[in-house]
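Computation of the quantities below employed the complete heavy-atom set of this structure, encompassing side-chain atoms and omitting hydrogens, waters and symmetry-equivalent molecules. Predicted model, so just to flag it, every value in this text is computed and none were measured.
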Amino acid sequence: MKAIGTHLVVDAWESPAELLNDPECIRGALMDAVSVGGATLIDLCVHQFSPHGVTATATLAESHIALHTWPEHGYFAADLFFCGAGNPRKALEFLIQVLQAKQAKITTLTRGFEPMVETERFSTWSPQTQAVPAR
């Protein structure tokens with residue numbers, strides 16, 4: 001496989017509800033996680049749901065970090081995809097620590113592609129123009 005990047009998919013729980021429902025806490029945690037992970041922040045979007053919950057996405061030069069919280073369950077889900085520079089594991093460890101999760105399940109995926117032998121390649125797609133009858 002030609003590895004392009006590392007994608008971490010995370011379920012974490014037993015976090016304090018007040019942290020998971022605080023959009024400014026989530027914003028700060030995500031910005032600091034980007035720094036700790038050695039990534040480059042392009043944009044950050046944080047949204048507070050009613051009555052509770054926060055979703056935050058960090059667009060990175062290296063890809064992204066997304067975080068979704070369910071304070072009523074003490075749970076958050078995150079995914080961190082880094083290609084090129086940076087260390088998503090360090091960023092994730094920071095998030096788990098700051099959001100005080102007592103348990104976490106982490107799935108690590110190596111993202112990339114398999115070079116194909118010539119006989120397995122697909123033909124090049126080209127658009128087909130079809131006449132549409134006039135009404």
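The ring-ring contact (aromatic ring centres under 6.0 Å, His included) pairs that include a residue from residues 14-38 number zero, where partners must be two or more places apart or lie in different chains. The list of salt bridge (charged side-chain N to carboxylate O under 4.0 Å, His left out) pairs with a residue in residues 20-35, not counting sequence neighbours, reads Glu24-Arg27.
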Show me the donor-acceptor pairs, under 3.5 Å and distance only, between side chains in residues 7-17 and residues at least two apart or in other chains.
from  : atom 1 : to     : atom 2 : distance (Å)
His7  : ND1    : Arg111 : NH1    : 2.6
His7  : NE2    : Asp79  : OD2    : 2.9
Asp11 : OD1    : Tyr75  : OH     : 2.3
Trp13 : NE1    : Gln103 : OE1    : 3.4
Glu14 : OE2    : Gln103 : NE2    : 2.4
Ser15 : OG     : Leu99  : O      : 2.9
Ser15 : OG     : Ala101 : N      : 3.4

Name the atoms and distances for all side-chain donor-acceptor pairs under 3.5 Å in residues 86-96, with sequence neighbours left out.
from  : atom 1 : to     : atom 2 : distance (Å)
Asn87 : OD1    : Arg89  : N      : 3.0
Asn87 : OD1    : Lys90  : N      : 3.1
Arg89 : NH2    : Thr108 : OG1    : 3.1

Show me the donor-acceptor pairs within less than 3.5 Å that the side chains of residues 37-49 make with the rest of the protein, sequence neighbours left out.
from  : atom 1 : to    : atom 2 : distance (Å)
Thr40 : OG1    : Glu62 : OE2    : 3.4
Gln48 : NE2    : Asn21 : OD1    : 3.1
Gln48 : NE2    : Gly53 : O      : 3.4

Exercise for review: I would like to know whether His68 and Thr55 meet side-chain hydrogen bond (donor to acceptor under 3.5 Å, both in side chains); could you show each step before the answer?
Suggested key: CA-CA 4 Å; His68 313 280; Thr55 287; 3.2 Å; yes
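For Thr110, the side chain to side chain contact (heavy atoms under 4.5 Å, CB included) test picks out Met1, Ala3, with sequence neighbours left out.
One hydrophobic cluster, built from ILVMFWY side chains closer than 4.5 Å, holds both Leu80 and Ile106.
Remark: the backbone N or O of Leu20 is paired with a side-chain donor or acceptor of Thr69 at under 3.5 angstrom.
Summarising the hydrophobic clusters (Ile, Leu, Val, Met, Phe, Trp, Tyr; side-chain heavy atoms under 4.5 Å, direct or chained), the residues clustered with Phe113 are Ile4. Grouping Ile, Leu, Val, Met, Phe, Trp and Tyr residues whose side-chain heavy atoms lie under 4.5 Å apart, directly or via other members, leaves Phe81 alone, with no other cluster members.
Interatomic distance, Ser35 OG to Leu30 CG, rounded to the nearest 0.5 Å: 12.0 Å. Taken from OG1 in Thr57 to CD1 in Ile65, the straight-line distance is 10.5 Å, to the nearest 0.5 Å.
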